[in-house]
Amino acid sequence: MKQVLIIASSGGNLYSLGGSQPDRLMRELANQAQAANIEIKGIQFISTEQSMDSIKRTSSAKLLGWNNHNQELEEIYSGTLEEVNRKAVDIDEHFAQLVEKGEVDGLIAMSADPSGVNQKVVEAVSAAGIPVVGTGGTSMAEIGSVGANIIAQSGTTGTSNKTRAIGFMTALSKHLGTSYRPKLHSEMNEEQTKSKMVNLRGIMTSSLPAFIALAIVLAFSKIPGLEPLGDVFDLLIGALPVVVAVIAAKQIADLDEVTIVAGIVAGLLSVNGGIIGGLLAGIGAGYLVPFLFTKCLKLNFPATTVNIVAGGFGGLIPGLLVFFVLSPIALQVGDWIRIAIDSTIAFNPIIAGIVAGLLIWPAILGGIYHAAILPIVLLEMESTGNSFLGAIDMVGLVMVAAGINLANIIFPRRKVEATAAAPSFGINMVFGTFVESAYPFMFANRLVFIGALVSAGIGGAVVGLFNLRGTAYVPSFAAPGMSDNALGFLLAMLASLLSAFVFTMLANKFSKAT
């Protein structure tokens, strides 16, 4: 296994791009080094509490080294910067000796000090012709001036911990002849099948807070005097495709800020295609960013340029494709889904509510809810800020779970069940989520399970009766105010809650009697 040394500091510009958090910076380097079959032999890191562009010799600093056993940084010494620099000279001498003994195959430098605390190791590496990679315009220029074999260098602008680490390891592995597959995720690399990374459920679930913010703004805009929030509502609707695009891109290829920038560019160009357009553009960016990133590295582009090309063109190309070609199609697909829902409700809203209520529990138990129903809820919310299926969610799932928990608080079969149900009831009422808390009671008693289905159907019937639109994932006491009919929504919530409460109470009493 090849061995490398790392000499670094919090740096000037680097300080705001990872240098202020050396643990994270080095963890990413260690992660990529492992993927390249390269071992970190040692680290000399001078950590400061501010950028070195404005630091004083009396400022506080720490000298950090590398614990090979635990594979993490450890503090060696702390004091003023001047004191730490004097202490760091000992490590510099040790590193130089390792190079002279032939135990080092490469050097990574980040905002190093080649004329000070890193002088001896830089001179030793230069004499031995060992490959050097690094960032920091001034320091890399100084390292090059003493004849070092620099194979990759750049400034720090536009880079991140991950992109710098990948750039270093790409250059070193190519020069040293080791195999390297960049780790774009904690347990994935760029050669793994990308289609497995596209998880519609994960994208929609992660995007949910933006849609809830939309619903909240809509509710407040109905309050007299707050009508101007309607303009904020319109602005948020336009931003939803951007949110979806960023999350989709980052899910596929997590290259930190590079992926985020690409997702934003792709999302901005896809707003005319709605959230489906944003989804398509984001997925395209997620595939294209690592492709461009890798190609640029192989062409020995500086790290800053690599990031500009990957982040800029990685978002621009799929964004333009959606803008000029796919937007009308994506928008039409979304409209068709909404039209299908509206047509079903218009045919017979009560039956539609009953069917949706009866199916909502089997859907979530079967794993269909997050993959199919939640995306439809978000599509509905994209145009109106609330949703028919969102109302079914709150009424048929959250309120039913709350009713089951409430019955087990007041009329439990065993005291331990009351203890478990109390916090679950509170979470459902206060946060509008945690329907899973009803599972143990539903699975333990068939009557409770049947009662949950029937109660959801009853609540769904009331939703249909008033043709309600609403949302879950918000405080239950606020949900009526965020619907299109506060009184009707309240009645629907009470209907399902009380029904589930009665069914569970009877089930518990019957179980005790037998």
Side-chain angles (χ1 to χ4, degrees), residues 2-20 22 25-26 28-29 32-33 36 38 40-48 51-55 64 85 88-89 91-92 95-96 99 104-176 258 293 296-309:
K2 301 297 183 180
Q3 312 276 334
V4 299
L5 294 173
I6 299 175
I7 53 175
S9 73
S10 295
N13 191 36
L14 179 65
Y15 183 83
S16 58
L17 295 170
S20 61
L25 189 155
M26 292 304 166
E28 187 60 58
L29 262 174
Q32 300 300 332
I38 291 174
I40 297 176
K41 182 76 171 180
I43 294 176
Q44 180 217 64
F45 193 104
I46 296 177
S47 174
T48 56
S51 169
M52 288 191 172
D53 287 338
S54 57
I55 203 168
L64 306 176
N85 283 343
V89 171
I91 297 179
D92 183 41
F95 281 2
V99 173
V104 178
D105 302 293
L107 178 71
I108 298 173
M110 291 180 288
S111 297
D113 183 12
S115 59
V117 297
N118 301 126
Q119 181 177 355
K120 292 187 177 180
V121 69
V122 168
E123 290 175 350
V125 164
S126 300
I130 290 173
V132 179
V133 296
T135 59
T138 302
S139 65
M140 291 305 296
E142 287 187 40
I143 292 174
S145 67
V146 298
N149 180 24
I150 298 177
I151 60 173
Q153 65 174 317
S154 77
T156 54
T157 302
T159 64
S160 68
N161 290 343
K162 188 183 293 291
T163 58
R164 278 192 301 273
I166 292 176
F168 293 157
M169 293 308 160
T170 299
L172 284 172
S173 61
K174 184 178 179 180
H175 186 87
L176 298 174
V258 178
F293 188 87
C296 290
L297 286 176
K298 290 180 179 178
L299 293 172
N300 295 322
F301 284 19
T304 299
T305 306
V306 172
N307 286 7
I308 291 172
V309 172

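- Note that NZ of Lys120 is 14.0 Å distant from CZ of Phe95, once rounded to the nearest 0.5 Å.
- Proximity of Phe293 to Asn307: side-chain heavy atoms (C-beta onward) are separated by under 4.5 Å at one or more points.
- The side-chain heavy atoms of Pro131 and Leu176, taken from C-beta on, include a pair separated by under 4.5 Å.
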Let's go through Leu172 and Ile151 carefully: what are the C-alpha distance in whole Å and the side-chain angles of both, what is the deciding distance for side chain to side chain contact (heavy atoms under 4.5 Å, CB included) to 0.1 Å, and is it a yes or a no?
CA-CA 8 Å; Leu172 284 172; Ile151 60 173; 4.1 Å; yes

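- Listed by chain and number, the residues in a side chain to side chain contact (heavy atoms under 4.5 Å, CB included) with Ala165 are Glu28, Leu29, Gln32 (sequence neighbours excluded).
- Between the side chain of Ser10 and the backbone N or O of Thr48, at least one donor-acceptor pair lies under 3.5 Å.
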Side chain to side chain contact (heavy atoms under 4.5 Å, CB included) between Val104 and Val121: does it pass, once the steps are laid out?
CA-CA 11 Å; Val104 178; Val121 69; over 6 Å; no

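- Qualifying side-chain hydrogen bond (donor to acceptor under 3.5 Å, both in side chains) partners for Lys174, counting only residues two or more places apart in sequence or in other chains: none.
- Not counting sequence neighbours, Glu123 has no partner by the salt bridge (Lys or Arg N to Asp or Glu O under 4.0 Å) test.
- Residues satisfying the side-chain hydrogen bond (donor to acceptor under 3.5 Å, both in side chains) test with Asp92, not counting sequence neighbours, are none.
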With side chain to side chain contact (heavy atoms under 4.5 Å, CB included) as the test, would you mind laying out the steps for Arg164 and Leu25 before giving the verdict?
CA-CA 9 Å; Arg164 278 192 301 273; Leu25 189 155; 4.0 Å; yes

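- Every residue meeting the salt bridge (Lys or Arg N to Asp or Glu O under 4.0 Å) condition with Lys41, not counting sequence neighbours, appears here in chain and number order: Glu103.
- Every residue two or more places apart in sequence or in another chain was checked for a side-chain hydrogen bond (donor to acceptor under 3.5 Å, both in side chains) with Ser145, and none qualifies.
- Considering only heavy atoms from C-beta on, Ile166 stays 4.5 Å or farther from Val306 through its side chain.
- Between the CD1 atom in Ile38 and the CG atom in Asp105 there is a gap of 8.5 Å [rounded to 0.5 Å].
- The CD1 atom of Ile6 sits 8.5 Å away from atom CZ of Phe168, with the distance rounded to the nearest 0.5 Å.
- Across all their heavy atoms, Gly129 and Asn149 have their closest contact at O-ND2, 3.3 Å.
- Judged by distance alone, with hydrogens and angles left aside, the side-chain atoms of Ser139 form no donor-acceptor pair with the main-chain N or O of Asp113 at under 3.5 Å.
- Residue Ile7 forms a side-chain contact (heavy atoms from CB on, under 4.5 Å) with just one option from Ile43, Val122, Ile46, and that option is Val122.
- Side chain of Ser111 to backbone of Ala8: no donor-acceptor contact under 3.5 angstrom is found.
- Between the CD atom in Gln3 and the CD1 atom in Ile130 there is a gap of 11.5 Å [rounded to 0.5 Å].
- Listed for the Gln44 side chain is no donor-acceptor partner under 3.5 Å among the backbone atoms of Asn118.
- With rounding to the nearest 0.5 Å, the separation of CD1 in Ile150 from OG in Ser126 is 8.0 Å.
- Counting only heavy atoms from C-beta outward, the side chains of His175 and Lys2 never approach each other to under 4.5 Å.
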Stepwise side chain to side chain contact (heavy atoms under 4.5 Å, CB included) check, Leu5 with Val125:
CA-CA 10 Å; Leu5 294 173; Val125 164; 5.9 Å; no

